[in-house]
Amino acid sequence: MTYHWDFYTVMQSFDLLLWGVWITFLYTVGSILIGVVVGALSCWARLSRFWWLRLISRTYQELFRCTPLLVQILWAYYALPMLLGISISNTTAGLLTLSLYVGSFYAEIFRGGILAVDKGQREASAAIGMSGVQSMRYIIMPQAIKNMLPAFINQSVIQLKNTSLLYAISIAELTYMTSVVTSETYRPLEAYSLAAVLYFAMLFPLTQVADHFERRMRRSD
Amino acid sequence: MTTTSAVISVRGLGKSFGKLEVLKGIDLDLMPGEVMGVIGPSGSGKSTLIRCLNMMEVPTAGEVRFQGRPVTHKFRGRGGAIGTGELRRKVGMVFQHFNLFPHLTVLGNITAGPTKVLAEPRAEAEAHAMDLLGQVGLADKAKAYPAHLSGGQKQRVAIARSLAMRPEVLLLDEVTSALDPELVGEVLAVIRRLADTGMTMVLVTHEMGFAADVASRVLFMEGGRIAEEGSAEQILRNPTSERLRSFLSRFHS
């Protein structure tokens, strides 16, 4: 039996898929932005000299890194409201979980990047009279960012793909919208193939930009 | 022997890392224009001593004074004390492993301190940096990144970076120890010229000939104490103690 591809039917609903792309994009960017803030805070707490800050940060990181994202999303949407006695919209539950999840990975990426900077760099910047903040800003961070960049981009690429799990709580991102198109057209093969192409089209340029930046930042090597 | 005119004076300085006592009751006075050589076997506390002078290591006993003011390990000094921020602007340090900033060009390395710490205008800082690069013979490397320099060139840039802050004292911590033998000479030549200009320096070194040549005074350290101290001639050419003689004999053989 040969399969008769019929993209025409699916293309009739292309606007739905594009809407899914837009929502996927919003959740990705939103959770990355919040995740960077959360990750930076958690990283700072991990490097703190106060043991209780390190403990809180470590606990947060391990909780989010060692449980599946899908379970976290379902838990935040179905279990957390019962626990707190308040209602949480799927938007809030989805964005919050994605952000905290990616933040836990970012924290370790940031920490590794900072710790990988030679201790002599801090000493040399201190030796010319820089304060801790100046040293961090002008000497440590520029080098740390270079160390972090590949892992950061990689995690962000994964993050975009992770938004597909929001499907489970009916958020209208690309995977969810694809399922809607499938149920309308009865063309899962075409619909999901198209979704894969759209995901690829979003991520491939991003990985290229990442490679470009990495090459540029290696200029000083 | 408290001397008020000393740039740096140290009294009863002690430093322990946990149970390991690295420095024991050090007293010294560094006079303006003096080049003080510090020699001694590995682990004798030479580097720790020089690092205590600019608070890279925080002493566990005794005190360090800069131009008569007590030095604190805090960035800002209070009540007449001098904090590390001000101290390190006036007391430069050059490290064994150069520690150049790899993400900045040679020019960027030298101007980082003046522009960020002293808030000098960029044009002024760059003109001064070019002048210093000329002095260390690297004017043509201003735009290069540290990774593209030889060890000797890196160390000369590191010296220029310290000088860009217009320090009153320069601390040199085994600055030729990480260099290939054929590159040592170019760095020593720069230090010798600095000594000729009257720069006050403390020089931890294994280059005995060089210490004899530029140092006005030499300290021989052993076991965390100053075991012998005197003019370069006296210490290096006419050592009195057996320990110093046996230490020096290793360099003559």
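Every chain is numbered from 1 and lettered A, B, ... according to where its sequence line falls, protein lines coming before strand lines.
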Handout entry: Under 4.5 Å from a heavy atom of chain A, the part of B:Phe101 involved
Key = both
Practice task
Answer with yes or no whether the side chains of A:Gln72 and A:Thr67 bring together a donor and an acceptor at under 3.5 Å.
Solution key: yes
Handout entry: Proximal component of B:Leu100, with respect to chain A [non-hydrogen, under 4.5 Å]
Key = backbone
Handout entry: Portion of B:Arg76 that has a non-hydrogen atom of chain A nearer than 4.5 angstrom
Key = neither
Completion exercise
Heaviest contributor of heavy-atom pairs below 4.5 Å to chain A, chosen from B:Arg89, B:His97, B:Met56, B:Met93, is B:Met56
Exercise for the section: Tell me, for B:Val94 versus chain A, whether the close heavy atoms (under 4.5 Å) come from the side chain, the backbone, both or neither. Expected result: neither
Practice task
Answer yes or no: is there a side-chain heavy-atom contact under 4.5 Å between B:Val184 and B:Phe210?
Solution key: no
Handout entry: Cation-pi, A:Phe110 ring and A:Arg46 (6.0 angstrom, 45 degrees)
Key = no
Practice task
Sort A:Gln134 into side chain, backbone, both or neither according to what part of it lies under 4.5 angstrom from a heavy atom of chain B.
Solution key: side chain
Problem - A:Val21 side chain near A:Met202 side chain, heavy-atom distance below 4.5 Å - result: yes
Exercise for the section: Taking the side chain as every heavy atom from C-beta outward, state whether B:Gln153 and B:Leu138 have any pair of such atoms under 4.5 Å apart. Expected result: yes
